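First comes the structure, then the notes that go with it.
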Amino acid sequence: MKTTAEIRQSFLDFFHSKGHQVVASSSLVPENDPTLLFTNAGMNQFKDVFLGLDKRPYLRATTAQRCVRAGGKHNDLENVGYTARHHTFFEMLGNFSFGDYFKHDAINFAWEFLTSPQWLGLPKEKLWVTVYETDNEAYDIWHKEVGIPAECIIRIGDNKGAPYASDNFWAMGDTGPCGPCTEIFYDHGEHIWGGPPGSPEEDGDRYIEIWNVVFMQYNRLADGTMEKLPRPSVDTGMGLERISAVLQHVNSNYDIDIFKTLVSKAAEVVGTTDLSNKSLRVIADHIRSCAYLIADGVIPSNEGRGYVLRRIIRRAVRHGHLLGAKEAFFYKLVPTLIEVMAEAGRDVKEKQANVEKLLRLEEEQFARTLERGLALLDEALSEVKNGVLSGEVAFKLYDTYGFPLDLTADVCRERNITIDEAGFEREMEAQRTRAQAASQFGVDYNNVIRVEGETKFEGYTESESLAKVTALFHDGKSVEQILAGQSAVVVLENTPFYAESGGQIGDSGYLLTQGVSFNVKDTQKYGQVFGHIGELEHGSLSVGQIVNAVVDIERRHQTSLNHSATHLLHAALRQLLGSHVVQKGSLVADNALRFDFSHPEAISKAQLAEIERLVNQKIRANFLIQTDIMDIEAAKAKGAMALFGEKYANQVRVLTMGDFSIELCGGIHAKRTGDIGLFKITAETAVAAGIRRIEAVTGENAIDWILDQQYILTQSAELLKSDINSLTDKIQQLQDKAKKGEKELQSLKEKAAMQAGSDLAKSVVKINGVSVIVHQLDGIETKSLRVMVDDLKNQLGSGVIVFASVLDEKVNLVVGVTSDLTTRVKAGELVNFMAQQVGGKGGGRPDMAMAGGSQPENVAQALIVAQNWLNENL
Ligand code: SER
C-alpha cells in the first residue's frame, strides 16, 4: 500500500516523465495578489502565466501545492473534524500546460496515471467522469479514445443558476483565468450511501471527486465579459488526501496514514486514549494549517490573515481543552507533522523553532482566558430558551475573552444551539462607533477635507518652493480666508513638505509671504492633496494667495537619517536573525526611530550588539543611497523588499544602499549612509506575541544619548568613589557589605529583643493566679518577637504572653502559652480573636500562634480585647 508521501512523489515523477518541470509549492501567502486571502489552488502561482502576462522557461509544470481554504467568505472551519473531507489545509497535486498540450493529452495523462499498473493502477470500472454540458470534444475523448462507457460520463450544465456557473466550469474568482472542466470520480462502493454526480444523492460519500482537469480558455473581466486567453491551457488539481484515501482503501481522509499518525500523537500530548474522539481530528487538521501558515510568515493577530490563523489555533486549543489537556500541547505536534509530511515537511522544518514558539505563545496567551470564557458561555448556554445564543454574549466572549465567533459557534454546535450573528454584528458596530467617537478629539479632517485635484510633491529635490493656496479649512469647515491666531489646514497646489506616510512623520516649517506667517506643525495627506496643519501667526491668508513654503530642514535632515538607518536595521535584522523577520510597522521621527518586526522571542544583549555593529559598519561603508524609479516587476526581480499587503503603483521608487539593502520606499533619505554618523539602539521590547520592537537613535541624537549615559556612569563612579572600569566590582562589594550589615543588624535586633524580653518579665501581672504579659513592642520583626516569646515562656515557666507590634504600617500579633496552660488557653484562638480588631486573621499551634493585620490604629484596642478575653477564660 502506497503511503501519502509515495503518492505525492509518484505524481511528480509521472509528470516529470511526461516533460513537466517539477516546481516547488509556493507560499500560502499569495505573492502579488492581495485579492486572495490564502493560496487555494495549484494554479495560483501561475495565474499571470495563464493570462500571458508572465513567461516561464517551461511550458509544462507539475506541483504538489499546499493550500488553505479557511476564512474569507466561505468559511468551513466549523465543519472541519466532523466530516470525512473538510480540511483547513490540504495539498493539491497538479499538472499545468501553458499553451502547450490541451484536452487530448490532459485527459490521457490523467487516465494513464490513475489506471496504469505501473502508476496507481486503479480499477477502471470504479471511475466515473463529468464534462461541461456543451464540451463534446472532452466527451468524445473520454468515450471514443479512453473507452469509458456512456453511462459513466455525465454532462453537467450551468447548474448554479447563471451562465458559466457550473460544477464543470472552474474559475479562480470573479475575475481571472477560467474555463470548462472535466472531473474524475471514484466509486467507493455500494456499502456507502450516495449517488453519481448530477443525481439527487450526489452529496453522499460514495462517489468522490478526485481530480479536476480544467481547460483554461478565458479571462473573465469585471463586467462579466469572457476574453479568450492567448493560448488555451490546462490546469489540473487532485486532492492528495482524497487520492490517498482511495489507495489506502478508506473512505474518510482522516483514516489515511498522515492523519492516523497525527491523531495518535495528538492523543498522546493531550493525554487521552480515545482515538475516535472527533476533537483529535480537529487538532490533527489544524496543526497542518497553523504550522504552515506560520512557516509562510503569518503571525496570529486581530485582523486579516493573522486573525484566520488565530481563530484556527484557538479552535484547536479549545478542542485540546475538551480532551483534558492541562498545559500547552499544540506546538508539540510540530515534529510529528514534519515527519509525516516527508518532502513537503521541509518548509516547516526550516522554521521549526519559530513555528513552535509562536504556537506556544499564542496557546499560553489564550489559555489564560479560555476557562473563564467557557464558564461564562456554559452558564449562558444553560439559560438559552429558543435555541439561539444572544449576540451580546457572543460579543462579550469575543471582546473580553478572545473567543472568535466561530469558536463560540463550535461550542454551541455541540448543543444544537445557533448564534444570533446579526446581534453580534450590531454589538461589533456599536463598539466601532464608540471607538470612533472616543478618538475624535477636535475635528477629524479626514472626513472634511475633500479637494479636487492633487498636490504636486517637490520635496525629493526641494526644501523651499512658491505655491498657491488651493483650499483652507478652519474648525472643520472649508473657508476662503483665515486670520491671525487661527488654527487651520492649508492645502497647496505644490509643496516641498513631506506628508506623513510609510512611517515617516510629516514635515514642519513655515508658509510665508509679505506680512503673513503660518507655522506648519505637521503635514498629512487627504486623498490626493497635502494638508499643512498649523496656526496662522501673523496677517491673514486667503485661497488663491501665493506663499513661500519653507520646510524645517534641520528636523527633516534628522528624520531622513533615521529613515535611512531604518532600512539598514531592517536588512541587518534579516541577515542576523533570519528571513522570517518581516516589517510590521515603523515610526521614523526626527528624534528617534522605531521598528516593529516579526520575531518569536526577545533579542539577547549579544545579538543587539551584533546588530548595532553591523548597522554601524554599513554606515562607515558610506554607501551612496541611490534612488531609482522602475516598474514593480523589475524592482521585485532586483530583490527589493516590499511590504506585503501594501498596494504599489506600477512605477515604484527603489532605494538601494550598496549591496546591503534594497527596499521600495517613498520616504526622504540621507545622501550617503555615512551621513547617519552613528546608530544606537535604546530599547528592545515586545509589542504583541511574536512581534518585537527596536527603538534607536542616530546622528546627533545618538551622540547625545551616549553622552547622557556616560554622564550617569561618571556620576555613579564619583558617588561610589570609584572609576567607571571598576564600577561593577565596586557595586558588587557594596552589595556584599550591605548584606553582611543586614545580617548583623538582625542579630543585634534579636539580642536587643531578648534584653527587652527579660526586662518584660518584670511587668508580669496575675490573672486568676496565672502569669500574664500583654505588651505592645513596635518596630520588631515577627521572627524576633517569636524568639522573645519563647524566651519569656522559659523564664516564667508557666504563663501567657501576648505581643503586638507595628512595623512598616502593618500589625503583627504573637501569642505564646506554656504547655501546662494550653487546655485553658489556645494561642490560636486568642490570636484570631485579636486579629479581628486589626483587620486580619491568623493561627498556629495551641502554644504559639501569630497573626497579621492592616489597621495599626486599632492595636491598643486589640490588646484590651486580649486582656478581657484572658480575664474570662483563665
Ligand atoms: N484549479 C482547479 C481547482 O482548484 C484545478 O486545479 O480545482
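The shown structure was predicted, so the numbers you read here are calculated from the model rather than taken from an experiment. Every number for a ligand or one of its atoms is a count from 1 in the order of the listing.
Note: H319 and F330 fail the aromatic proximity criterion, with ring centroids not under 6.0 Å apart. In this structure, the ring of F11 has its center no less than 6.0 angstrom from the ring center of H20. Centroid-to-centroid, the aromatic rings of F113 and F109 stay 6.0 Å apart or farther. The distance between the ring centers of F102 and H104 does not fall below 6.0 angstrom.
With D406 as the fixed residue, the salt bridge (charged side-chain N to carboxylate O under 4.0 Å, His left out) test singles out one of R311, R310, R315: R311.
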Short N or O separations between ligand 1 and the protein, below 3.5 Å:
unit_1	atom_1	unit_2	atom_2	d
ligand 1	1 (N)	D235	OD2	2.7
ligand 1	6 (O)	D235	OD1	2.8
ligand 1	6 (O)	T236	O	3.1
ligand 1	6 (O)	G237	N	3.1
ligand 1	7 (O)	W170	NE1	3.4
ligand 1	7 (O)	N212	ND2	3.1

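Heavy-atom contacts from other residues, nucleotides or ligands closer than 6.0 Å to CZ of R56 number more than 12.
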